Amino acid sequence: MPTLVIVGTQWGDEGKGKIVDVLTEKAHYVVRFQGGNNAGHTLVINQKKYILHLIPSGIFHANTICVIGNGVVVDPEVLIGEIEKLKDQGIDVSPQKLKISERAHTIMPYHRALDQAREAIANRDKIGTTGRGIGPCYEDKVGRRGFRLIDLTKPDFFKEKLKKVLEEKNFLLQNLGAEPLSFEGIYERYIQYGQYLKPYLCDTSQLLWEAYHNKASILFEGAQGTFLDIDFGTYPYVTSSNTIAGNACSGSGFGPSQIEEVLGIVKAYTTRVGEGPFPTEQKNALGELLREKGGEFGSTTGRPRRCGWLDLVMVKTAIQLNGITGLAITKLDVLSGLERLKLCTAYKLGDRILSYVPSTLDELASVEPIYEELPGWEEDLTKIKHYEELPQQTKNYLKKIEDYLKVPIHIISTGPDRENCLILKHLFP
Ligand code: IMP
């Protein structure tokens, strides 16, 4: 049965959640492998809106097991809140349905406090983080000071290590002008979280190995997007994990030779939140129109997203970095009503023409996008049920994208609901 990784090809918010939701109907397992509650999926099911931050969107399908892999950083407070909210809405979130890696690292209150204190300091370059403690938690994981979720179920070990770690964190917090945190305020609460989460914890790598050998179909759901990758993104304006498809393996303990397809999600235009260069950004009425019409406000922080034309140079680079074998185009309906559309097909940097995203911020901030223009379309796409019914100009826009990228489009999303989806190739037959 197929194994498929889904990744964003831009700066996140490409609409991965909806595509995952549509594909999950046929998947036995949906796995998150990196990031934390900095991510946010907005799903519309039967006109009802759900926002998820940590739990894979497969939770809405009765026969899908959702996995939070070892590469994810978990804020237990947020996760438990999400579980309880879903339960209140009548969704099954039992330990049979949700499996969490005991190796996943825990976002602690001092991670959030440090993230926010660092961002708040004046005269320093802000990254524009979500303030959820993601970066500081990954720092501690790599620095070997972190707490795995399983550690919360071992009171003596947790107590001793927390005392030592907290000493250093309070030193940092006070020097950053923030309040120190008390041991008592954290210890009892996190031991309780450990008890709550214990039935959900397991070795998810073993689970996936068995599932694979039992011929299950497995979908790995990336969070954020390629250009927020810690290595290949617009560093330092990136998140703190590898968001590219390769991390589906280390973030879940699954071997690379067992991955069959990589689906790249491409929003029909480009957006980003936070700071950093953005070559095709439209700081004008068009940018505002895309933001309003596309509802481009962060599902985690509510921040307005910066908007611009579709940058095919980025997407082409993402195809190379992720080994993308197929594409899903999302939010195509948002472009309806624009007289002319632009696609960025190269960058001009001084007297050089680039067809890839350069490594340094200086270079990316200096590039001049080279555009190809196409006529737009008037029609509302949300009612369309088959590819053939799309306006000819829409087909031309899609064909141009496919020809340039040389990767087939498998899915076209024409509106927010599950129903607004044209599937050209079934990835989970
Ligand atoms: P952090 O991941 O909270 O440390 O934030 C680092 C950068 O990644 C900031 O620019 C965030 O806005 C951005 N970011 C993190 N998660 C997402 C996401 O899910 N969508 C879009 N941007 C994100």
Side-chain angles (χ1 to χ4, degrees), residues 6-20 32-43 51-57 68 71-75 78 82 105 107-108 110-121 124-142 221-244 247 251 265-267 269-278 281 291 294-308 311 314 318 330-331 361 364-365:
I6 293 196
V7 285
T9 59
Q10 295 152 317
W11 278 296
D13 310 315
E14 294 91 353
K16 294 179 291 294
K18 152 143 185 210
I19 302 297
V20 171
R32 271 225 31 208
F33 55 88
Q34 47 73 227
N37 59 310
N38 47 350
H41 288 326
T42 308
L43 291 170
I51 298 183
L52 295 177
H53 296 287
L54 272 164
I55 298 179
S57 29
I68 296 182
V72 177
V73 287
V74 176
D75 187 327
V78 174
E82 213 162 271
H105 274 249
I107 297 183
M108 302 292 291
Y110 48 77
H111 291 139
R112 284 191 302 264
L114 281 168
D115 195 359
Q116 290 161 18
R118 284 179 184 146
E119 288 281 288
I121 288 184
R124 277 191 50 177
D125 291 337
K126 282 192 198 335
I127 303 294
T129 73
T130 58
R132 303 299 194 256
I134 308 295
C137 183
Y138 277 116
E139 279 173 42
D140 277 356
K141 173 179 174 175
V142 178
E221 171 184 0
Q224 289 88 43
T226 298
F227 293 94
L228 288 173
D229 183 277
I230 185 77
D231 285 288
F232 292 100
T234 45
Y235 191 88
Y237 301 107
V238 291
T239 191
S240 298
S241 60
N242 282 111
T243 58
I244 57 175
N247 196 20
I265 314 299
V266 184
K267 181 146 55 180
Y269 48 97
T270 312
T271 61
R272 100 169 279 179
V273 263
E275 308 300 319
F278 179 171
E281 182 170 16
R291 187 177 310 122
E296 298 296 351
F297 297 88
S299 32
T300 300
T301 58
R303 288 181 290 177
R305 297 180 185 141
R306 299 154 65 192
C307 298
D311 184 342
M314 283 182 75
T330 59
K331 297 190 119 170
L361 277 192
L364 190 61

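Only heavy atoms go into these numbers, but all of them, side chains included; no hydrogens, no water, no symmetry mates. Quick caveat: nothing in here was measured; it's all calculated off a predicted structure. We count ligands from 1, going down the list as the structure has it; atoms in each ligand are counted the same way.
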K.L.:
Please determine if Q224 has a nitrogen or oxygen closer than 3.5 Å to a nitrogen or oxygen of ligand 1.
P.N.:
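Yes: some nitrogen or oxygen of Q224 is under 3.5 Å from one in ligand 1.
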K.L.:
What residue and atom, counting heavy atoms only, is the protein's closest point to atom 9 (C) of ligand 1, and at what distance?
P.N.:
G128 O, 3.1 Å
K.L.:
Please check this pair: side chain of E296 against backbone of C307, looking for a donor-acceptor N/O pair closer than 3.5 Å.
P.N.:
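No: the side chain of E296 does not pair with the backbone of C307.
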K.L.:
Show me which atoms of ligand 1 lie under 4.0 Å from any heavy atom of W11.
P.N.:
21 (C), 22 (N)
K.L.:
Would you check if K16 and E221 make a side-chain contact, meaning some heavy-atom pair closer than 4.5 Å?
P.N.:
no
K.L.:
Rounded to the nearest 0.5 Å, how far does CG of D75 lie from NE2 of H111?
P.N.:
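Separation between the atoms: 10.5 Å.
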K.L.:
Could you establish whether R132 and ligand 1 come within less than 4.0 Å of each other, counting only heavy atoms on the residue side?
P.N.:
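Under 4.0 Å: no for R132.
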K.L.:
Would you say R303 and ligand 1 have an N/O pair spaced under 3.5 Å apart?
P.N.:
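Checking ligand 1 against R303, an N or O pair does fall under 3.5 Å apart.
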K.L.:
Should you measure from each heavy atom of G274, which atoms of ligand 1 turn up under 4.0 Å away?
P.N.:
10 (O)
K.L.:
Check whether the side chains of N38 and T239 place a donor and an acceptor atom closer than 3.5 Å, and report yes or no.
P.N.:
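Yes, T239 and N38 have a side-chain donor paired with an acceptor closer than 3.5 Å.
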K.L.:
Under a 3.5 Å threshold, yes or no: a donor from one side chain and an acceptor from the other, between R132 and T130?
P.N.:
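No, no side-chain donor-acceptor contact under 3.5 Å.
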K.L.:
Is the contact between T301 and ligand 1 made by the side chain, the backbone, both, or neither, using heavy atoms and a 4.0 Å cut-off?
P.N.:
neither
K.L.:
Any idea which part of T130 is under 4.0 Å from ligand 1, heavy-atom wise: side chain, backbone, both or neither?
P.N.:
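Contact part for T130 vs ligand 1: both backbone and side chain.
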K.L.:
May I ask you to identify the nearest protein heavy atom to atom 21 (C) of ligand 1, giving residue, atom name and distance to one decimal place in Å?
P.N.:
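The closest heavy atom on the protein side is D13 OD2, 3.1 Å.
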K.L.:
Is there a donor-acceptor contact under 3.5 Å linking the side chains of D13 and T271?
P.N.:
no
K.L.:
Note the single closest protein heavy atom to atom 2 (O) of ligand 1, along with its residue, its atom name and the distance in Å.
P.N.:
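Checked against all protein heavy atoms, atom 2 (O) of ligand 1 sits closest to T239 OG1, 2.6 Å.
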K.L.:
Return the closest protein heavy atom for atom 5 (O) of ligand 1 as residue, atom name and distance.
P.N.:
T129 CA, 3.3 Å
K.L.:
Is there a polar contact, in the sense of an N or O pair closer than 3.5 Å, between E275 and ligand 1?
P.N.:
no
K.L.:
Checking the N or O distance criterion of under 3.5 Å, is ligand 1 in contact with N38?
P.N.:
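Yes, since at least one N or O of N38 sits under 3.5 Å from an N or O of ligand 1.
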K.L.:
Looking at Y235, I'd like to know if its OH atom is crowded, meaning that more than 12 non-hydrogen atoms belonging to other residues, nucleotides or ligands lie closer than 6.0 Å.
P.N.:
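12 or below, so no.
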K.L.:
Any idea which protein heavy atom is nearest atom 14 (N) of ligand 1, and the distance to it?
P.N.:
L228 CD1, 3.8 Å
K.L.:
Could you tell me whether ligand 1 has any atom less than 4.0 Å away from a heavy atom of A223?
P.N.:
no
K.L.:
Which protein heavy atom lies closest to atom 7 (C) of ligand 1, and at what distance to 0.1 Å?
P.N.:
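Going atom by atom, the protein heavy atom closest to atom 7 (C) of ligand 1 ends up being V238 O, 3.7 Å.
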K.L.:
Side chains of T234 and R272: any donor to acceptor distance under 3.5 Å?
P.N.:
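R272 vs T234: donor-acceptor pair found between side chains.
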K.L.:
Within a strict 4.5 Å, meaning less than it, do heavy atoms of the Y110 and P136 side chains meet?
P.N.:
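No, too far: nothing below the 4.5 Å cut-off.
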K.L.:
How long is the span from the CD1 atom in I230 to the OG1 atom in T243, to the nearest 0.5 Å?
P.N.:
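Reported to 0.5 Å precision, the distance equals 9.5 Å.
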K.L.:
Can you name the atoms of ligand 1, numbered from 1 with element, that are less than 4.0 Å from a heavy atom of I127?
P.N.:
10 (O)
K.L.:
Is the contact between Y237 and ligand 1 made by the side chain, the backbone, both, or neither, using heavy atoms and a 4.0 Å cut-off?
P.N.:
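Neither; no heavy atom under 4.0 Å.
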K.L.:
Do N242 and D231 make a side-chain contact, defined as non-hydrogen atoms from C-beta onward lying under 4.5 Å apart?
P.N.:
yes
